[in-house]
Trainee: 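Following this message is one structure expressed as structure tokens.
Predicted, not measured: the structure shown is a model, and the values here were computed from it.
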Amino acid sequence: MARARHLLRRRPPPRLGVGGPLASPRPFVRALGLVVVVLFGAWLGLLAVGSVRTPVGPMDTTMTLRPSLSGGTKINVSPLGALELDSHHAPVRLDVDVDRLDPVRSQALVQHPERLAGLEDEVTTDVASGTRELALRSCVAVVTGATALGLAVYRRPRRALAAGGLALVLLAASGVGVYATWNPKSVLEPRFSGLLSSAPSVVGDARSIVTDFDVYQQELARLVTNVTKLYDATSTLPVYSPNPATLRVLHVSDIHLNPAAWHIIGSLVEQYDIDVIIDSGDTMDHGAAVENSFLDPIADLGAPYIWARGNHDSAVTQKYLENKKRFKNVHVLDQGRAVTVGGLRVAGIGDPQFTPDRTGPEQAEDAQGVAGRTLAAALREQQRSGTPVDVAVAHEPEAAKETDGEVPLVLAGHVHHRQNEVLKGGTRLMVEGSTGGGGLRAVQNKKPEQVLASVLYLDRSTHRLQAWDEITLGGLGLTTAEVSRHLPQEEPALTTPSPTAPTHSP
């Protein structure tokens, strides 16, 4: 009996749960819990000690790794704004905060401008050094954070070490992902925000950067003499130095009676030195004669204005714009009519439907297809006449698609959001959003509609698209701005239509 009582005292009481003894957690539950602990601990470690302060040229910067689903690199230049690069796709993002311009190093550049020639190598060396230090510090931060949290949660050294090891493995895997998806060309397609939104117009295209680099060196030397000039950078640096081989086209659409659009367009014309404006329709809202005076500011925009009718624009609207005494700079396109402005040949067709309130008589089911085929036939006729068209315009994207293979570039609107695709025949379709932010009707929406426009850069000799900037402004009541630079991928050459048959041959 004494021995039995002794054994009972030594045996631990059973752990009871609902319906009997409590079973130990399942393996996948334990594994999931460990992963959560590792991720949270690694994140805490990065927050605590995962940053590196390092000089980059004349600037003092802070580099930090942050967990992210999309990856990439974000460079914050307070208070001017930020630019984002799609540099990689991995669960970590590199944040670079530009803290200040060091006055000593800046003054050295001013006093010795010849050092600017070696500034690129210096910056590259500084970034590489900072990245190595950041990688080492991040490893320590991730492992330490995961291990410490694992010890606090599990109170077992082995589980804590397992958490630290798993954190190191995940960080290494993220590093492999960064290396595998690294895109050095991402610097050519940055996304700007804040005051830096005008950076593309400041920098210009890649060709200008190469040919006019000495000009930028001189401007930089002048800029760093006074740090406060950073606030005026958009006006002190050269505004898109004109390039003889670049023709700048501003594409707008769906203004819908928003008077603010004229101020925005006028500013873009001046800032980007626009050669021609192309409006793909829906400038009006109801197309009534009483609205016509809304169009009067077009005469003072400072650039030729090419216009094609949308489904909110009436024949009355079109006749008003065709008055050459009132609008010397306006060219109205319809039924495939082509005009040549600044060497660029543009043809277009008006929307066959007039549905300002969606209450008018029903139109033919294939009205857009018929309009698109009419435009395509006109493009073929221009080709046979030896005056090929460079850009086609139609309000409805479905009509615009009918021109595939007949023109390098076709512009459209109507849908109030951007679309950009290369069609099967090689034609690039660019659909612009609403430059009027949806017009005054947008106040009925839950959220303001963004104001959208695009600047297209075309080679002045070949008239082929070199690059384009997508300009996005906050809608009604918002004051945000973003400019995104894009470069076209290599595309197959357009086929040339046969003069006797609709089939194409290379």
Trainee: Side chains of S280 and H251: any donor to acceptor distance under 3.5 Å?
Mentor: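 Side-chain D/A pair, H251 to S280: present.
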Trainee: Using the ring of each side chain (for Trp, its six-membered ring), is W262 parallel, tilted or perpendicular to F294, with breaks at 30° and 60°?
Mentor: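 Geometry flag for F294 against W262: tilted rings.
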Trainee: Could you pull out the closest heavy-atom pair between G436 and A261, with the gap in Å?
Mentor: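 Closest heavy-atom pair between G436 and A261: CA-CB, 4.4 Å.
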Trainee: What heavy-atom pair brings T283 and D313 nearest, and what distance separates the two atoms?
Mentor: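 So the minimum-distance heavy-atom pair works out to N-OD1, 3.1 Å.
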Trainee: Run the side-chain hydrogen bond (donor to acceptor under 3.5 Å, both in side chains) test on H463 and D390 for me, step by step, so that the C-alpha distance in whole Å, both residues' side-chain angles and the decisive distance to 0.1 Å come before the verdict.
Mentor: CA-CA 6 Å; H463 300 159; D390 305 306; 2.8 Å; yes
Trainee: Between atom CG of L268 and atom CG of D273, what is the distance when rounded to the nearest 0.5 Å?
Mentor: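 Going from the CG atom of L268 to the CG atom of D273 covers 12.5 Å.
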Trainee: Using only heavy-atom distances, determine whether the side chains of Q450 and T472 contain a donor-acceptor pair under 3.5 Å.
Mentor: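 Absent: no donor and acceptor within the cut-off.
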Trainee: Can any side-chain N or O of T374 pair as donor or acceptor with the backbone N or O of Q335 at less than 3.5 Å?
Mentor: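 Such a contact is absent between T374 side chain and Q335 backbone.
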Trainee: Any salt bridge between D366 and R373, counting N to O under 4.0 Å?
Mentor: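 Yes, this pair counts.
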Trainee: Just one of Q353, H414, Q368 clears the side chain to side chain donor-acceptor pair (under 3.5 Å) bar with N311, so which one?
Mentor: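 Going through the options one by one, the only one that passes is H414.
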Trainee: Give a yes or no on whether the backbone of K424 and the side-chain of D404 come within a donor-acceptor separation of less than 3.5 Å.
Mentor: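 Yes; at least one donor-acceptor contact below 3.5 Å.
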Trainee: Strictly distance-based, threshold 3.5 Å: is any side-chain N or O of N329 a donor or acceptor partner for the main-chain N or O of P304?
Mentor: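 Not a single qualifying donor-acceptor pair exists.
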Trainee: Please tell me whether S454 and E432 have a donor and an acceptor in their side chains that are separated by less than 3.5 angstrom.
Mentor: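 Yes, because at least one side-chain N or O of S454 sits under 3.5 Å from a partner of the opposite role on E432.
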Trainee: Quick check: closest heavy atoms across G336 and A347, and the distance to 0.1 Å?
Mentor: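 In this case the closest contact between G336 and A347 is O-CB, 3.8 Å.
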Trainee: Aromatic ring centroids of H286 and H256 under 6.0 Å?
Mentor: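 That pair fails the under 6.0 Å test.
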Trainee: Name the residue from T64, L134, V178, L85 that meets the side chain to side chain contact (heavy atoms under 4.5 Å, CB included) definition with L94.
Mentor: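 With L94 as partner, T64, L134, V178, L85 yield a single side chain to side chain contact (heavy atoms under 4.5 Å, CB included), made by L134.
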Trainee: Going by the side chain to side chain contact (heavy atoms under 4.5 Å, CB included) test, name the single residue among I274, V276, L456 that passes it with L247.
Mentor: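 Exactly one pass, corresponding to V276.
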Trainee: Between E406 and R380, does any NZ, NE, NH1 or NH2 come within less than 4.0 Å of an OD or OE carboxylate oxygen?
Mentor: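 Answer for the salt bridge query: yes.
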Trainee: Looking at G287 and V316, what are the two nearest heavy atoms and their distance?
Mentor: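 In this case the closest contact between G287 and V316 is O-CB, 4.2 Å.
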Trainee: Testing I349, D334, D279 for side chain to side chain contact (heavy atoms under 4.5 Å, CB included) with R309, which one passes?
Mentor: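 It is D334, the one option of I349, D334, D279 that forms the side chain to side chain contact (heavy atoms under 4.5 Å, CB included) with R309.
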Trainee: Is it true that H88 and N183 share a donor-acceptor pair across their side chains at a distance under 3.5 Å?
Mentor: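 No, no side-chain donor-acceptor pair sits under 3.5 Å.
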Trainee: So which heavy atom on A376 is nearest to which on E402, and how close?
Mentor: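 So the two residues come closest at CB-O, 3.6 Å.
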Trainee: Where the side chain of S267 meets the backbone of I264, is there a donor-acceptor pair that is under 3.5 Å apart?
Mentor: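 No; zero donor-acceptor contacts below 3.5 Å.
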Trainee: Would you call K319-E322 a salt bridge at under 4.0 Å N-O?
Mentor: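 Looking at K319 and E322, the cut-off is not met.
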Trainee: Are there more than 12 heavy atoms of other residues, nucleotides or ligands under 6.0 Å from atom NZ of K324?
Mentor: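 Buried by this count: over 12 neighbours within 6.0 Å.
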